Structures are given as structure tokens and as C-alpha cells.
Amino acid sequence: MKYSKLLIPTLKETPSEAEAVSHILMLRGGYVRQLAAGLYVYMPLFLRVMKKINKIIRQEMDSIGAQEVSMPVLHPAEVWQKTGRWYDIKDEMFRLKDRTGRDMCLAMTHEEIMTWLASREIRSYRDLPQMWYQIQTKLRDEARPKSGILRTREFIMKDSYSFDADTDGLNKSYELHAEAYKRIYGRCGLKFYVVESDPGMMGGATAHEYMAPSAAGEDAAAICPACGYAANVELAESVSQSVELADTAFEDVFTPEKRTVEEVSAFLGLKAYNFIKTLVLVAKEGSVLALIRGDQELHEKKTERIIGDFRHARKDEIEGIVGVEAGFIGPVGHKIRIIADNTLKSGTYVSGANKKDYHVRGLKPGLHFAAGYYDLHMAHENDGCPLCGKPLTIEKVIEIGNIFKLGTKYSEALSAVYLDKDGVEKPIVMGSYGIGPARIAASAIEQNHDENGIIWPVSIAPFSVVILPLNVNDAASQQAAEDIYSSLAANSVEVLLDDRDERAGIKFKDADLIGIPLQVVIGSKGLKENVVEIKIRKSKESLKVAPERVLETVMDLIKN
RNA sequence: CGGGGCGUAGCGCAGUCUGGUUAGCGCACCUGCCUUGGGAGCAGGGGGCCGGAGGUUCGAAUCCUCUCGCCCCGACCA
């Protein structure tokens with residue numbers, strides 16, 4: 001393609017609304033433009049990237065036997081009502097009525113519709129297993145679109161669904177996806193982790209997420225470099241760092257107007273980890289006390305798994321529940337349920353004395369109070385790995401894909417059943433699997449850029465090579481550029497010719513910014529000595545070769 | 001949905017506190033000359049309902065009220 005014919009509106013300055021590196025570079029490189037919050041126009045260059053990513057995805061999905069379909073993005077409400085998600089999901093679903101007043105919604109995902117199809121077309125165990133996928137638009141009325149293309153209200157997703165006769169079948173389909181996903185991200189040039197994840201509203205049992213480490217990520221993963229343990233911090237377990245706990249006598253101490261862990265620890269000359277924080281929670285079952293070591297935070301998701309939906313007690317409720325105001329609550333002598341973090345099973349601590357202006361020290365779990373012990377704390381950097389005990393690292397990550405074992409939640413709700421060998425009707429066992437192609441692109445930029453711009457992995461670059469004839473007025477340069485262009489194009493190399501009447505500096509800056517992996521630089525002086533340069537964007541290496549050797553050199557370089 | 005910030009030319013910004021000629025700067029854009037290996041130089045030029053509505057005032061980008069939009073933090077996130 002000729003640069004002069006393409007819409008590549010690069011920007012010298014950074015638009016003020018962008019913060020994430022990938023967002024800035026996509027805007028500056030002319031890859032995307034914003035229509036409204038969470039709505040983006042994909043410009044020609046970006047579409048080329050997306051097509052390459054989608055091609056890789058299709059190849060890998062096809063290779064595990066998945067079949068591509070295409071589903072509507074406008075859905076009748078009934079299907080969603082049958083699974084209950086019409087009611088469970090709130091503002092995040094775009095809803096509308098058609099002209100007859102019938103309730104409709106826009107597709108947030110396609111479990112319902114895929115299962116609807118299965119319910120109509122699958123009758124027998126002989127029809128199973130099946131895997132169906134699509135690369136289709138999803139719409140979600142996000143509370144907070146952000147980070148450019150990373151969280152948008154309309155986006156494309158590769159979503160696939162597996163239909164099996166039993167759990168063994170599901171496990172096989174799940175495994176096929178897990179492996180295909182690794183190949184996809186690997187081919188896209190990404191660094192990524194596979195982490196255990198929380199199935200959340202998908203309502204399944206087992207789930208994994210594929211995470212690309214990046215400062216722009218909204219999620220965090222706990223990673224053990226030693227043994228490979230990897231989990232979303234939403235559920236990551238960890239062994240708290242062990243600390244010095246002084247064994248003192250069990251006694252009240254006067255702590256006037258000292259309420260927070262910070263205040264009391266400063267007052268008593270102790271560390272935060274010497275304390276037990278006592279939190280009052282209000283759950284469906286009633287009030288619950290949650291105990292957590294002073295240097296840690298209560299992990300709300302973990303807590304929810306134990307006591308169900310809950311909220312923190314309001315200030316004005318606390319005294320009614322535990323008989324003392326916030327700041328002086330301790331675990332001793334309450335009748336309500338007490339849950340405590342595993343870390344607190346042993347040791348000697350300070351906590352509230354359940355009377356105003358007093359704390360108690362020398363407090364020993366088991367001796368002075370009883371509690372149910374669970375993993376309740378947020379995993380921290382350098383906590384011990386739950387598997388091997390070595391220190392964990394916490395990394396910010398972008399979720400680029402996920403896989404869920406759904407089970408029969410959707411098939412039962414929508415009567416997607418089959419007859420087994422014995423003629424018994426059974427619900428189909430399902431899995432669902434998603435990939436965000438635009439997030440792959442954004443992650444690739446996050447992981448591959450420098451101060452000058454994007455450095456695309458060759459596999460997903462919009463062009464493999466850009467030819468830069470530096471002097472448009474020099475006929476020899478022009479001719480050489482054209483010749484090289486033709487020879488590359490004839491060999492199916494995706495090549496961009498910067499034929500614009502621009503100064504050398506502008507061409508270099510734009511080529512670097514848009515991130516084409518290889519630059520063929522043609523200068524009139526070099527050409528007189530029968531030399532052009534092949535510059536490698538990533539390493540900044542420059543190879544001087546004769547024009548007639550450009551083709552083979554380039555072919556060689558893009559293979560690696 | 002809670003908290004914070006910002007809307008002035010295509011982009012980046014100043015001016016707003018303390019109201020007062022014709023609203024300004026850099027980049028981009030157009031014309032000409034010049035230049036051609038890292039976003040050149042000179043000269044000339046076009047482009048603004050100062051987010052919108054209402055109000056205060058002799059007079060509003062500037063003060064007041066309402067409203068819309070965008071960004072950031074949090075909640076939320078199949």
C-alpha cells in the first residue's frame with residue numbers, strides 16, 4: 001500500500017484524555033478515534049491489526065474443531081428471562097423495546113443464544129460434542145469505560161461454547177481451549193499468565209483467566225516465580241509474612257481516644273501486625289465479626305464466599321451490635337459468629353477491649369476467643385506462595401481471555417438436553433470461552449513500545465515492512481523504492497511505501513510511531529553506492545544491503 | 001453510582017481568581033520561496049456561537065443557577 005493513499009492521521013502531541021500508553025500510542029499513531037465514552041472508531045491501520053489477530057484466533061479455534069457461527073446482537077428478552085440474567089444483571093445491560101413494545105436487549109455475551117440454539121438442534125449423545133464460536137460485537141453499558149480500548153461499551157469478542165455429554169467431555173473441551181489460547185497469545189507475541197479466576201456471575205465452577213502483564217491492567221495477579229502458582233488476587237491465597245509477636249500478659253490498657261490501628265500502635269509503640277482488627281459485618285444470616293491482622297486488609301470476595309452477600313455495619317449500628325463504639329471493638333465475649341483469618345490461629349495480639357478508651361493486650365486466639373478460621377486477607381507482595389511457600393509477586397495485568405466450566409446452568413434453564421445411550425434425557429454440559437482481540441492489540445502495545453512509539457510483533461503488525469525513500473525528488477530513490485516495493489509485494493510481504501512528499505525526519509518519526517517492525521531506508525547518497533538500509537524497529541539495528549538483496553533479507557527477518 | 005478534575009481553532013494550552021478594545025500562543029492546515037538522513041526556515045493566509053441553556057450587569061470566556069460531555073480514583077465489571 002502507498003502511504004499517501006491511506007488514512008493514517010498521526011499526532012505529534014498527546015491528546016489530553018489519554019493516560020494508558022496503549023491508548024496514547026493508538027491515538028497518536030492514527031489507529032483509533034474516540035466517538036464517545038467507551039466507543040471507538042477503528043481506523044484502517046487498526047483494522048489491519050485486528051484482522052491479523054482474528055486470523056490467528058480463527059486458525060487456532062478451527063484447529064481444535066470449533067465451528068464458526070454468527071449470532072444476532074439484538075436479543076429478545078425471553079431467552080434472558082429464562083436463565084434469570086434479565087433480572088440479575090442490572091444497569092450494565094442495554095435494554096430497549098421494539099415497535100410492538102416487546103422487550104429486547106443488546107448482547108452482552110451469548111451463552112443464552114448459543115444454548116438456545118443447542119436446545120433446538122442437539123437431540124442425541126451422537127450429536128455431541130460440539131464447539132461453536134464467533135467473533136462478534138458485544139455491548140455493555142459499562143459504569144466506567146476507561147483506558148482507551150481496554151474497557152469499552154461496544155467491543156468485539158471471540159466467544160466460544162462447548163457442549164458435551166458429561167463432565168469428562170467438558171474437561172476435554174476445556175483443555176483444548178486452554179491449549180489453543182496459549183498458542184494464540186504466543187503467536188501474537190504476548191507475555192501472559194494463566195491464572196485461577198473467580199467464576200463470578202458466569203455461575204460456573206472452574207475458571208481461568210489469561211493475563212497480560214501491563215501497568216495499564218485493571219486486575220492484579222499473584223504470581224509465584226518459584227513454582228508457577230498464579231491466581232487473580234480476587235482469590236489468590238497466600239501465607240502471611242511471619243512477624244515478631246511479643247508474648248505479654250493478658251490485660252486491659254488505657255488508650256484514650258486512640259481508635260485506628262495506626263493510632264493505637266503508635267501510642268503503644270507496637271507495629272500494625274501486633275493487632276487484630278475487628279470488623280463488624282452485616283450479612284443475610286445476621287451480624288458477623290471478621291478478624292484480620294492489623295497490617296492486612298479484609299478480602300471482600302473471599303469473605304463473601306463464606307458468609308454470602310454482606311456490607312460493613314454503619315457507624316450508628318455498631319454499638320447496638322457489639323456494645324461499644326468503633327475503634328475499641330475486640331473479639332472477646334461476643335455471641336455472634338466470628339470468622340478470622342488463618343494468620344490469626346496463633347500468636348499474641350492487641351485488640352479492642354470492648355469498652356471505650358481501652359484496648360486489651362496479651363490476647364491469644366483459642367484461649368480468649370473462638371473463631372472459624374479462613375483465608376480472609378488480601379494477598380500481598382512477598383507473602384508466601386500457598387503451594388511452595390516462596391515469596392509471591394503481585395503484578396498488574398490485563399485480562400485478555402478467560403475460560404469457564406459452566407456445567408448445566410444454562411442448559412437446564414433453556415432445556416438444552418440430549419438422550420444418552422440408555423435413552424435417558426440429560427442436560428448438556430457446557431463451557432464458555434472468551435478472548436478480547438482488541439485487548440490483545442492493546443496489550444501488545446503496552447508490552448512492546450519505546451519512547452518513539454509502538455513496536456509491533458511481526459505476527460500482528462499492520463505491515464511487516466515500511467519503505468522510506470528519503471528524497472522524493474530523487475528519481476533513482478523513487479525507482480529503487482518502487483522496485484523494492486514490487487518485489488516484496490509480489491512475495492506476499494505486507495509492505496507500506498511512504499511515497500509522501502515529506503521530509504526525512506517526518507517519515508522516520510511516523511514509521512517509528514506506527515510501529516512497523518522493519519524499515520527499508522533509501523537515501524540518495526547510499527543508493528549511489530548501491531546500498532540501502534534495513535532498520536529493525538525493535539533493536540534499532542541497521543543492516544546495509546544492496547537493493548537487490550532486500551527481498552531475501554526481509555523475508556529472512558520476518559520469519560524470525 | 002460516590003469522590004475529584006477538565007470543557008476556549010483539528011491537537012496541546014494561556015486568558016477565568018480580580019468582568020471592560022478586535023479572545024491569544026505553539027503545532028497542524030492553505031499559498032509562495034527555500035530545504036531534503038530524525039517532526040526544518042522565511043513571508044503571507046484561513047479557521048472560534050470560549051460545551052449548552054437561563055440569569056446578574058451598561059458590558060460575561062470571566063460572576064450565579066441549571067444542564068450536557070470527557071478524563072481520573074473508588075464501587076461495579078458476563
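Labels below follow one simple rule: chain letters A, B, ... track the order of the sequence lines, proteins then strands, and each chain is numbered from 1. Given the structure is predicted, the values throughout are model-derived calculations rather than measurements.
Using modelled atom types and a 3.5 Å distance limit, the side chains of A:Gln478 and A:Asp499 yield no donor-acceptor pair.
Rounded to a whole angstrom, the distance from the C1' atom of B:G10 to that of B:G47 is 10 Å. Rounded to whole Å, the P atom of B:G45 lies 42 Å from the corresponding atom of B:U57. A gap of 13 Å separates the P atoms of B:A61 and B:C49, to the nearest Å. Taking atom P in both B:C29 and B:A40, the straight-line distance is 10 Å, to the nearest Å.
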Which letters describe nucleotides 8-15 of chain B, given B = protein heavy atom under 4.0 Å from base, S = only from sugar-phosphate, - = neither?
---BSS--

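Each of A:Lys12 and A:Arg153 has a nearest nucleotide on RNA chain B; the 5'-most of these lies closest to A:Lys12. Along RNA chain B, the nucleotide nearest to A:Gly148 and the one nearest to A:Glu218 differ in position, and the one closer to the 5' end is contacted by A:Gly148.
Residue A:Ala18 is out of contact with every strand shown, counting any heavy-atom pair closer than 4.0 Å. Note on A:Ala37: only backbone sugar-phosphate atoms sit closer than 4.0 angstrom, heavy atoms only; bases stay farther off.
Ion pairing of A:Lys540 with A:Glu451 is present here, as a side-chain N (NZ or NE/NH1/NH2) and a carboxylate O approach within less than 4.0 Å. Comment: A:Glu304 does not engage A:Lys301 in a salt bridge, judged by the lack of any side-chain N to carboxylate O separation of less than 4.0 angstrom. The residues A:Lys396 and A:Asp219 are annotated as not salt-bridged, no charged nitrogen and carboxylate oxygen being separated by less than 4.0 angstrom.
In terms of polar N and O atoms assigned as donor or acceptor, the side chain of A:Arg144 never comes within less than 3.5 Å of the base of B:G4 in a complementary pairing. Judged by distance alone with a 3.5 Å cut-off, a donor-acceptor contact links the side chain of A:Asp510 to the base of B:G39.
In this structure a side-chain-to-backbone donor-acceptor pair under 3.5 Å is present from A:Arg28 to A:Leu11.
With sequence neighbours excluded, the residues that form a ring-ring contact (aromatic ring centres under 6.0 Å, His included) with A:His208 are A:Tyr174.
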